[in-house]
Structures are given as structure tokens and as C-alpha cells.
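For the numbers below, each heavy atom of this structure counts, side chains included, while hydrogens, waters and symmetry mates do not. Each chain gets a letter, A, B and so on, in the order its sequence line appears, and its residues count up from 1.
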2 protein chains.
Amino acid sequence: MEPITGGPAQLVLTASIARRYYVDGRSKVEIADEFRLSRFKVARLLDQARSSGLVRIEISHPGNVDLDLSARLQETFGLRRAIVVDTPEVEPAALRLQLGKAAAELLTEIVTADDVLGLAWARAVTAMTDQLTSLATVPVVQLTGALTRPDVEANSVELVRHTARLSGGPAYLFYAPLVVPDATTARALRQQPEVAEAISHFDAVTKAVVGLGSWAAGQSTLYDAMDADACEQLQKRGVVADISGVFVDAKGVPVQSKVTDRVIAINAEQMNAIDEVIAIPYGLAKVEAVRAAVRSGLVNGIVTHSPLARALLDEVY
Amino acid sequence: MEPITGGPAQLVLTASIARRYYVDGRSKVEIADEFRLSRFKVARLLDQARSSGLVRIEISHPGNVDLDLSARLQETFGLRRAIVVDTPEVEPAALRLQLGKAAAELLTEIVTADDVLGLAWARAVTAMTDQLTSLATVPVVQLTGALTRPDVEANSVELVRHTARLSGGPAYLFYAPLVVPDATTARALRQQPEVAEAISHFDAVTKAVVGLGSWAAGQSTLYDAMDADACEQLQKRGVVADISGVFVDAKGVPVQSKVTDRVIAINAEQMNAIDEVIAIPYGLAKVEAVRAAVRSGLVNGIVTHSPLARALLDEVY
DNA sequence: ACACCGTCTGCTCATATGAGCGGAGCTGTG
DNA sequence: CACAGCTCCGCTCATATGAGCAGACGGTGT
């Protein structure tokens with residue numbers, strides 16, 4: 001792999017040729033003419049230059065996206081999109097800001113006029129939409145009800161409205177909580193005109209950005225907002241992740257339960273029909289949730305930070 | 001030149017493709033199949049990767065030869081060989097050792113069984129032969145008489161004998177000083193059987209290593225060994241360099257004078273007929289001498305250190 | 001609505017390139 | 001000396017690649 005070249009004259013010759021080829025972009029034939037060598041000799045010297053390490057090729061860029069991790073994540077988990085932001089940041093709010101920025105750029109890039117965008121409520125999704133600067137003209141569909149938390153002023157509705165305004169497309173939004181005390185209330189809510197209208201557009205959604213929580217206290221806004229009984233019940237059913245109201249177990253299989261009926265949100269089947277579903281997970285505690293979400297096939301795009309990406313890759317046995 | 005790419009997804013895609021192409025050595029067609037793109041798209045992304053600086057190609061190596069300077073020296077002065085040793089060393093003896101090593105490797109590399117090797121007396125040449133470890137079997141011809149200096153034990157004869165022994169080829173050597181007091185003595189010496197024999201082989205020499213001095217006190221062993229009158233006379237004639245006994249002016253034209261007749265060495269015409277003549281100059285004071293020697297066309301190979309190489313290149317207007 | 005312009009795409013076709021072959025020269029060995 | 005094994009070279013021929021072109025698209029000004 002690394003036997004270095006022969007003598008110093010050949011070394012200089014090889015370096016000159018390598019420069020002509022790689023830096024100046026000359027063809028091997030031209031170089032052969034210039035140096036009075038056969039093109040085969042030139043090719044062999046260049047091969048040697050590569051294998052001996054005389055010519056080193058690096059792939060990197062000035063931004064904060066870790067290209068190598070991104071590509072590995074994408075390939076390893078068969079994702080459509082993977083963006084890994086290289087940052088040592090651990091403070092959740094700051095992290096959301098960075099990931100939101102990256103996700104916003106991604107969304108701007110991948111959403112075209114043919115798409116229908118679905119947005120779920122999540123702090124990371126808000127962080128994204130807040131930093132959106134441009135978006136193709138598309139309908140924007142609210143995928144979930146909202147949760148009100150003291151630390152967040154923007155709600156699911158605002159998030160959708162803001163994005164639709166930026167886009168210039170229609171907004172399908174509604175005022176409803178993400179989770180209600182019983183199935184009956186949920187059913188009634190789903191009958192409401194605005195809610196029903198939004199739901200009717202779920203099938204048309206082609207790209208969505210969703211929240212992703214680990215089914216544990218402090219790792220999912222939904223978990224924290226739900227009654228202990230429901231949480232426990234879902235946990236017993238093997239739920240490890242909630243994807244904007246869709247519960248999945250460690251194998252990635254969606255879990256149906258009475259609790260599911262109390263959630264005002266897109267369901268597993270509908271989510272599965274969406275072409276691209278992007279989540280923005282962060283924090284090492286979410287490793288298993290991400291794994292489950294990806295296994296489920298419901299989520300096929302990830303925007304995350306390097307520590308979580310590394311953890312995901314490390315644990316692939 | 002450096003507009004960086006579009007969005008993050010394309011960035012990751014481009015990086016993945018660049019890795020496949022440059023690192024894994026896949027063809028663009030294969031990559032196109034793998035990523036479901038046209039080969040044109042792949043080619044365009046790769047072009048973009050290069051021009052945006054995403055892919056950086058460096059040419060360097062672990063040794064102490066400055067490949068870039070070597071190549072530039074070679075190209076700028078139209079040399080057959082140029083080896084620039086990258087060293088901050090300024091102490092002449094240590095420098096000779098380093099350059100001698102590089103020159104020895106060069107000689108080992110470029111001398112083939114078809115060659116006839118000529119060696120002139122010079123400290124740098126001695127430094128080279130001392131570090132020679134292998135050499136094709138070739139005749140070795142002594143090109144100059146020797147100078148005896150208190151700081152040097154090896155003389156021209158030993159240098160040739162040692163090299164011939166290492167090579168396994170015949171040695172054509174003689175005992176005579178490099179410069180004698182008058183032309184008559186010189187003529188007589190040239191008649192001596194061993195001297196005449198060696199001289200008769202000058203025409204057959206295909207590769208030679210010579211000394212190169214700047215015509216000033218302390219910059220040429222020959223200058224220092226010669227009487228003041230002769231030195232001054234040559235200087236008046238415009239001599240700026242001596243190439244193992246061949247004097248050349250700043251334009252590179254060999255200078256014939258009465259002093260020339262007193263030197264027991266290869267002459268300008270004979271040296272000019274040699275295919276490759278390599279010199280091992282060092283020290284910034286020799287800039288003009290090197291320039292003259294190269295202009296003369298007598299010397300077409302240089303082994304030197306980076307400061308001198310840089311000085312030579314800097315002063316090219 | 002219209003023509004216009006810049007961008008992006010995939011095409012054709014000439015050229016550059018790679019894989020693998022057989023010959024030349026060198027080396028060590030019986 | 002003869003021979004096998006080796007490296008190095010340049011060849012053929014199939015394939016990969018680049019240059020330049022023309023159509024498609026999206027935005028833009030009239």
C-alpha cells in the first residue's frame with residue numbers, strides 16, 4: 001500500500017506528472033507527449049503516485065456538516081437524507097438552533113413546487129421553520145395537534161401558518177391539542193371542519209418534517225404531556241419511540257393501542273405513505289428511538305448532530 | 001473558483017460521489033448506476049466538487065526532497081535533473097552530507113550499464129561517492145586532477161577508485177594536480193600514460209558529476225588554490241563560475257585563457273559532449289555561478305538545497 | 001399571453017483510459 | 001549455460017470520459 005517510489009529523479013518526475021494531471025487537469029496523453037513517455041508509463045506512474053501516498057486526496061469543506069458521517073449514516077441505515085452537523089454543543093436549545101438551521105436549508109433544497117409539505121409539532125421543527133428563508137410554493141399541511149408548554153410560545157398552528165406564508169402556498173391548519181383525555185373527544189375533534197380538512201390532505205403529503213421522541217420522561221414532549229397510566233401502558237407494549245404521535249417498538253413496528261385513539265395526529269399508515277419523512281433528533285438518549293424510527297421505515301431522513309450520529313453507527317454490530 | 005455547492009443534501013451527495021470516485025476508484029458510470037444518476041450528472045458534480053474545493057488534492061511525500069521546488073527548478077532552467085533537498089542546514093559540511101546522499105541516490109538511479117561515468121574532484125562529489133551504496137557496472141573516468149587541502153583526506157583518485165570498486169567496472173584514473181604553475185608542465189603531464197588514457201575516455205563519458213564554484217575567494221577550491229594573478233586575470237575576463245576547471249562567464253560562455261592551459265581537467269568542448277552533467281552546488285553565494293553554469297548548457301543536472309533553489313527561482317525576472 | 005434568457009439535462013461522437021496480454025531484459029539458480 | 005521467475009514495457013480492444021449541442025424548464029419583463 002505504501003512502498004514509496006524508486007529514486008529521487010523518478011520521485012520528482014512522478015510529482016511533476018501528478019501535478020500536471022491532478023492540478024492542471026491535463027490528460028495522460030498530453031502529459032505523455034510533454035514528457036516523452038508512453039501514456040501507459042504515465043498511467044503507471046500516476047497509479048504509483050496514488051498508492052504510495054504521494055498524491056493525497058481529501059474531501060472536506062468549510063461548513064459544519066460532517067460529510068463523512070452524513071454519508072455513512074445515510075448508507076448504513078438506507079436513508080434518503082442524512083445531514084450530520086458537526087458540533088460539540090450539548091445544550092438542547094442551542095443544539096436545536098443549529099440542527100434547525102441545517103434542516104431549514106435541507107427543506108429549502110428538497111421541496112419543489114410539486115410537493116405537499118407536512119409539518120408536525122415539535123420544538124426542533126419550530127427551530128427549523130423559524131430559520132426557513134425560502135421555500136417553493138407548496139401547500140403546507142398540519143400533521144398533528146399542538147402541545148402547549150411554558151417554554152414554547154409558538155404552536156403547531158403558528159408553525160404551519162408561518163411556513164405557508166413564506167412559501168406562498170395554502171395552509172391546512174387547525175386548532176386542537178395533540179392528545180386528549182379520551183377517544184370520544186378525539187373522534188369529535190377529528191370531525192371538526194378544519195381538522196377534517198387537514199386530515200383529508202394527509203394522503204397528498206409528499207414530504208414531512210416530524211418530531212422524534214424516546215419513550216421516556218424528558219425524552220418526548222408527548223410522554224411528558226400524557227398521563228402516567230397511558231405512558232406505562234405504551235411502555236409495556238414495547239414502545240420505545242414516538243414519531244409525532246405514532247408509537248413504534250424497538251423492532252420499528254407501529255404499536256396500536258387505546259392511547260393511539262386519543263392522539264390527534266397523522267397515523268402510521270398515512271405517515272408510511274409519505275415519500276420523505278424527516279426527523280431532527282438530538283441527544284444521546286435518543287439512540288434507540290432513532291434506530292426504531294428508522295427501522296420502521298416511517299422516517300427516512302435524519303438531521304442530527306455528530307455525537308448522536310456516531311452513537312448510531314458505533315452500535316451497529 | 002470557490003462558490004461551494006447548493007444545499008446540504010447535494011453537499012452530502014457530492015461528497016459521497018467524490019469518495020466513491022477518488023477514494024474507492026469507481027468509474028463515473030458505476031457511480032451513476034449506484035446513485036441512479038446520469039453519468040453526466042456525476043461528472044458535473046465531480047467537477048463542482050473539484051472547483052469548489054470540496055475535493056482537495058495534495059502532492060507531498062515523507063522524505064526531505066522538495067518536489068515542487070525540484071520540478072520548478074527543472075522546468076524553469078530546462079534541466080534534465082533537479083533535486084532540491086528541503087533543509088534549513090547552513091553548515092557546509094553537514095549540507096554536503098545531505099546533498100551527497102541525495103546525489104548518490106540519484107546516481108544509483110540514473111546510471112545504467114550502458115553509461116560511462118565521469119567524476120571530477122570536488123568535496124561535494126566526495127560526499128556523494130562516500131554515500132554511494134550501489135551502482136550499475138560502468139567504467140569510471142577521472143575528469144580532473146586533484147587538489148590537496150588540509151581539510152580533505154580523500155582525493156580525486158580515491159574517489160574514482162572507490163566508485164569503480166563499488167560499481168565493479170574499470171577505473172581510469174591518474175595522479176596529477178588540478179592546476180600546475182605553467183602550461184608546459186600541464187602539457188607534459190597530459191602526455192603521461194595514465195593521464196592520456198583517462199583523457200582518451202573523456203569522449204565516451206555519458207554521465208558526469210562535477211564541482212561547481214563561484215569565482216571568488218572561498219567559493220571555489222580552484223580559486224583558493226590558484227595564484228592571485230591567475231584569479232584576477234580570469235575575473236577580468238568575466239569568469240563567474242568554474243565547473244571543475246572549466247571557466248564560464250555570466251552569459252554561460254566558456255572562457256579560454258592562458259590559465260586554462262594550466263589546468264589538468266576535461267575541457268569545455270568535451271564536457272559539452274557529455275549527455276548528463278550534474279553539479280551539487282550549495283550556499284547562496286553561488287546563485288550567479290549556478291545560473292552561468294546552467295546557461296552554458298554544460299551542466300544540466302542540479303542537486304541542491306531549498307534556499308539556493310528558491311534564490312535561483314526568485315531572481316528569474 | 002408572449003418571447004427571452006439563463007440553467008439544467010441528457011444526447012452524440014470523438015477521444016482518453018483501463019484491463020489484460022505477450023515480449024524483452026534482468027537475475028538468480030541448478 | 002539454460003532456464004524459470006521477475007519486472008517493465010508497449011500493444012490491442014473494449015470501455016469510460018469530455019466537449020459541445022439541443023431540448024426542457026422556470027423565471028421575467030413587455
Side-chain angles (χ1 to χ4, degrees), chain A residues 1-7 9-11 13-14 17-52 54-55 57 108-115 133-139 166-169 206, chain B residues 1 3-7 9-11 13-14 17-52 54-55 57 108-115 133-138 166-169 206:
Chain A
M1 191 66 178
E2 301 259 348
I4 310 293
T5 56
Q10 185 175 340
L11 199 62
L13 175 66
T14 305
I17 287 175
R19 194 165 57 78
R20 275 266 180 284
Y21 187 75
Y22 287 109
V23 181
D24 301 347
R26 282 26 209 87
S27 79
K28 297 180 186 183
V29 175
E30 286 176 302
I31 296 167
D33 289 346
E34 179 181 343
F35 288 86
R36 311 293 177 89
L37 299 169
S38 78
R39 68 182 181 85
F40 306 100
K41 179 75 178 174
V42 171
R44 279 162 183 148
L45 285 174
L46 284 169
D47 285 348
Q48 196 188 346
R50 284 289 290 281
S51 63
S52 70
L54 186 72
V55 169
I57 299 183
T108 299
E109 182 185 5
I110 68 173
V111 170
T112 72
D114 300 332
D115 283 314
T133 54
S134 94
L135 195 66
T137 304
V138 291
L166 195 77
S167 152
T206 58
Chain B
M1 191 66 176
I4 309 293
T5 56
Q10 184 175 341
L11 198 62
L13 175 67
T14 305
I17 288 176
R19 193 165 55 77
R20 276 263 180 282
Y21 186 75
Y22 288 110
V23 181
D24 302 346
R26 284 20 213 92
S27 79
K28 297 179 184 181
V29 174
E30 286 175 301
I31 296 168
D33 288 347
E34 180 181 345
F35 288 86
R36 310 294 176 90
L37 298 168
S38 76
R39 68 180 180 86
F40 307 100
K41 179 78 178 170
V42 171
R44 279 162 183 147
L45 286 174
L46 284 169
D47 286 347
Q48 198 188 346
R50 284 287 292 280
S51 63
S52 70
L54 186 72
V55 169
I57 299 183
T108 300
E109 183 185 4
I110 69 173
V111 170
T112 71
D114 300 332
D115 283 314
T133 53
S134 94
L135 196 65
T137 303
V138 291
L166 194 78
S167 151
T206 57

Student: Got a second to check how far A/Ile17's CD1 is from A/Asp24's CG, nearest 0.5 Å?
Tutor: 12.5 Å
Student: Would you kindly say whether B/Arg50 and B/Tyr22 are connected by a side-chain donor-acceptor distance under 3.5 Å?
Tutor: yes
Student: Whole Å only: how far is the CG atom of A/Asp114 from the P atom of D/dC25?
Tutor: 11 Å
Student: Looking only at atom types and distance, does a side-chain atom of A/Thr108 sit under 3.5 Å from a main-chain N or O of A/Ser134, one as donor and one as acceptor?
Tutor: yes
Student: Do the non-hydrogen side-chain atoms of B/Leu11 and B/Leu54 ever get within less than 4.5 Å of each other?
Tutor: yes
Student: On DNA chain C, does the nearest nucleotide to B/Arg44 precede the nearest nucleotide to A/Asp47 from the 5' side, or the other way round? Give the residue.
Tutor: B/Arg44
Student: Write down the distance between CZ (B/Phe40) and P (D/dA16), rounded to a whole number of angstrom.
Tutor: 13 Å
Student: Tell me, please, which residues at least two apart from A/Glu109 pass salt bridge (charged side-chain N to carboxylate O under 4.0 Å, His left out).
Tutor: none
Student: According to a strict under-4.0 Å criterion, is B/Ser38 in side-chain N/O contact with OP1 or OP2 of C/dG10?
Tutor: yes
Student: Can you list, by residue number, the residues of residues 18-37 of chain A that have a non-hydrogen atom closer than 4.0 angstrom to DNA chain D?
Tutor: none
Student: So does A/Arg39 reach the base of C/dG18 with its side chain, donor to acceptor, closer than 3.5 Å?
Tutor: yes
Student: Just grab all the salt bridge (Lys or Arg N to Asp or Glu O under 4.0 Å) pairs involving residues 33-48 of chain B, residues at least two apart or on different chains.
Tutor: B/Arg20-B/Glu34
Student: Does B/Lys41 put a side-chain nitrogen or oxygen below 4.0 Å from OP1 or OP2 of C/dT9?
Tutor: yes
Student: When the distance from CG of B/Leu45 to C1' of D/dG18 is rounded to whole Å, what number comes out?
Tutor: 16 Å
